[in-house]
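Each remark here refers to the structure printed beneath this line.
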Amino acid sequence: MNTLANGTARLFGAVRRNGSFIGRVTGDVMRISGAVGLGQALAFLAAPLLTRLYGPEAFGHFAILGALVNLLLPWALLRFNWALPLPQEDAEARDLLALCLLIVLAAAPLFAVIGVLAQPWLAGWLSMSVLDVVLVVVALAVTALHEIAMSWLVRHKAFAVVAQARFVTLVGVVGCQILLAARHTDATSLLLGYIGGYSLGMLRGAWHARSDVAASLRALAPARLRGVAVEYRRFPLVATPSSMVSAVSAQVPSLVMPSLYGLAVNGQLSLAARVLWQPTAFVGQAVNQVFWGNAARLQHEDPRRLWLLFLILNAGLLAAMAPALVLVWWGPELFGWIFGPAWATAGEYAGVLVLGSFVGLAAHGTESLHIYGRNHWMAAWEVTRLTFIAGSLALSWWLDLSPLACIAALTAGGVLANLSLLALNALAILRLRAQHGHDEMKDKARCAPAS
């Protein structure tokens, strides 16, 4: 008890000593989450209309198409966008920006050709038409450009613009999906709405960075592009496969559930996941972008402050997710009332999934292993998580479990994986802090006068 009290006292003492820093970070988080919160509120208010316009089957097929976009995204970027906050010199950062843009422009037509050639096989497995293939590639390109724009804004700590772009994206997606429902209420309209919303958000971010984009393209030089590609090679070599494994872990349920239980169950699951994603979009991504931007600097300058920031943000994220636990008891009733009687099953699924989201929001909100140079840790964690997810799905198929039991198995694996991710990030920061303290002691010993 005394140890706990002493630890709490030290934490609050550190918060008081770093008051201005914590205040600035909190302000950045609130700036992003406030704008995103308004966008999420508008999107959530429109969601009952969407669920009455589109049925579970349409959402189920849209979940498949969206899963493919997220699976291919790491390869469309080679994760060089994650390195954009790191260069000390703006000229080097602009070369890296140009490299990111060129990779996306080259990847999109390549994926289009591969997709069209593979369409007969995709039609048999996922019921995908040629139009679906083309729209998935367009959505992939738009999402990749959106990611690049957000990473560049984070580099310059333009968090107000990040907030505006994300607001436009969220509202744009839902608004476009509602408008397109007047023509067709199928997965194609849902995907076109996604493309429209992300295009608007990407254009808002790109407009703010237009001078940097123009300068990076004007200064294109193969030698410099090769230079930054070599310097930041750990991102395509380690972070990209790691991200791919992460995408498979996150998206494989949407690709496998239709085969096990049908499109309607997949649609119910996608709505449950979409609702539980709201805190992640509202607070989690805002925290992650602010933490990411500060971690790149603090890991070298002041790891003690980075550790304090890690603790405070995790506590805040866990508190932010706590109200969602009400779904454990009243999930079906709330979903049936808000989204319509046809979606009560989604509330039952959400009541189970929320237990994993509670831990996942904190784990991913403060995840920055690639910033600390621990890409191999992240890769190992991604493989571990995929093992949990694949094992849960295989067990569900082998034992012929019900959809709810399958979701419970997936949730249990997710909780274990996210707890281990929290531990890895804490260990990485503690190692940085210990190394920084060791370096300070060596510097003092070197500067001390000889006796």
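Position 1 is the first residue of the sequence; numbering continues from there.
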- How far apart are the C-alpha atoms of Glu367 and Leu369, what are their side-chain angles, what is the distance that settles it, and do they pass the side-chain contact (heavy atoms from CB on, under 4.5 Å) test? CA-CA 6 Å; Glu367 188 282 304; Leu369 288 175; 3.5 Å; yes
Between [atom1] on residue [X] and [atom2] on residue [Y], distance to nearest 0.5 Å:
X      : Y      : atom1 : atom2 : answer
Cys100 : Leu145 : SG    : CG    : 10.5 Å
Leu432 : Gln435 : CG    : CD    : 8.5 Å
Ser392 : Ile407 : OG    : CD1   : 11.5 Å
Ile148 : Asn81  : CD1   : CG    : 6.0 Å
Asn418 : Phe388 : CG    : CZ    : 10.5 Å
Asp400 : Leu395 : CG    : CG    : 11.5 Å

Can you see which heavy atom on [X] is nearest to which on [Y], and at what distance?
X      : Y      : result
Leu355 : Gly351 : CG-O, 4.4 Å
Gly201 : Met150 : O-CE, 4.4 Å
Ala319 : Pro323 : O-CD, 3.5 Å
Ser420 : Ala417 : OG-O, 2.5 Å
Ser216 : Ala98  : O-CB, 3.7 Å
Ala346 : Ala272 : O-CB, 3.3 Å

Between [X] and [Y] (side chain of the first, backbone of the second, donor and acceptor by atom type, cut-off under 3.5 Å), is there such a pair?
X      : Y      : result
Ser199 : Ile195 : yes
Thr169 : Tyr198 : no
Arg274 : Leu271 : no
Asn425 : Leu421 : yes
Ser402 : Ala405 : yes

Can you give the donor-acceptor pairs under 3.5 Å from side chains of residues 51-74 to other protein atoms, not counting sequence neighbours?
residue: Thr51; atom: OG1; partner: Ala47; partner atom: O; Å: 3.3
residue: Thr51; atom: OG1; partner: Pro48; partner atom: O; Å: 3.0
residue: Thr51; atom: OG1; partner: Phe339; partner atom: O; Å: 3.0
residue: Arg52; atom: NH1; partner: Pro48; partner atom: O; Å: 3.1
residue: Arg52; atom: NH1; partner: Ile338; partner atom: O; Å: 3.2
residue: Arg52; atom: NH1; partner: Phe339; partner atom: O; Å: 3.3
residue: Tyr54; atom: OH; partner: Gln177; partner atom: O; Å: 2.7
residue: Tyr54; atom: OH; partner: Ala181; partner atom: N; Å: 3.4
residue: His61; atom: NE2; partner: Asp132; partner atom: OD2; Å: 3.3
residue: Asn70; atom: ND2; partner: Gly66; partner atom: O; Å: 3.2

pair [X]-[Y]: side-chain heavy atoms closer than 4.5 Å:
X      : Y      : result
Asp186 : Leu190 : no
His156 : Asp212 : yes
Phe235 : Leu86  : yes
Leu269 : Leu353 : yes
Glu348 : Gln268 : no
Leu192 : Cys176 : no
Phe80  : Leu77  : no
Met378 : Leu424 : no

- Assert yes or no for the condition that the ring centre distance of His146 to Trp152 is strictly below 6.0 Å.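 Between His146 and Trp152, the centre distance exceeds or equals 6.0 Å.
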- Trp307 ring centre to Arg304 NZ or CZ under 6.0 Å, with the angle to the axis within 45°?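 Verdict for Trp307: no cation-pi partner in Arg304.
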- Message: The criterion is salt bridge (Lys or Arg N to Asp or Glu O under 4.0 Å); which residues satisfy it with Arg385, sequence neighbours excluded?
- Response: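 Checked Arg385 against salt bridge (Lys or Arg N to Asp or Glu O under 4.0 Å); matches are Glu382.
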- Message: Can you list everything that forms a salt bridge (Lys or Arg N to Asp or Glu O under 4.0 Å) with Asp90? Sequence neighbours excluded, please.
- Response: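 Checked Asp90 against salt bridge (Lys or Arg N to Asp or Glu O under 4.0 Å); matches are Arg155.
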- Message: Apply side-chain contact (heavy atoms from CB on, under 4.5 Å) to residues Tyr349 and Phe335 and explain how you reach the verdict.
- Response: CA-CA 10 Å; Tyr349 297 165; Phe335 270 66; over 6 Å; no
- Task: In sequence, state the C-alpha distance, the side-chain angles, and the governing distance for Val154 and Leu84, and then conclude on side-chain contact (heavy atoms from CB on, under 4.5 Å).
- Result: CA-CA 9 Å; Val154 167; Leu84 285 172; over 6 Å; no
- Task: Output, in order, the C-alpha distance, side-chain angles, deciding distance and verdict of side chain to side chain donor-acceptor pair (under 3.5 Å) for Glu92 and Tyr232.
- Result: CA-CA 11 Å; Glu92 182 181 344; Tyr232 297 100; 2.9 Å; yes
- Message: Taking side chain to side chain contact (heavy atoms under 4.5 Å, CB included) as the criterion, tell me which of Ile178, Val171, Leu170 meets it with Val174.
- Response: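 Answer to the side chain to side chain contact (heavy atoms under 4.5 Å, CB included) test with Val174 among Ile178, Val171, Leu170: Ile178.
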- Report the C-alpha separation of Cys406 and Tyr261 in whole Å, then their side-chain angles, then the decisive distance to 0.1 Å, and conclude whether the side-chain contact (heavy atoms from CB on, under 4.5 Å) test is met. CA-CA 10 Å; Cys406 175; Tyr261 306 110; 3.5 Å; yes
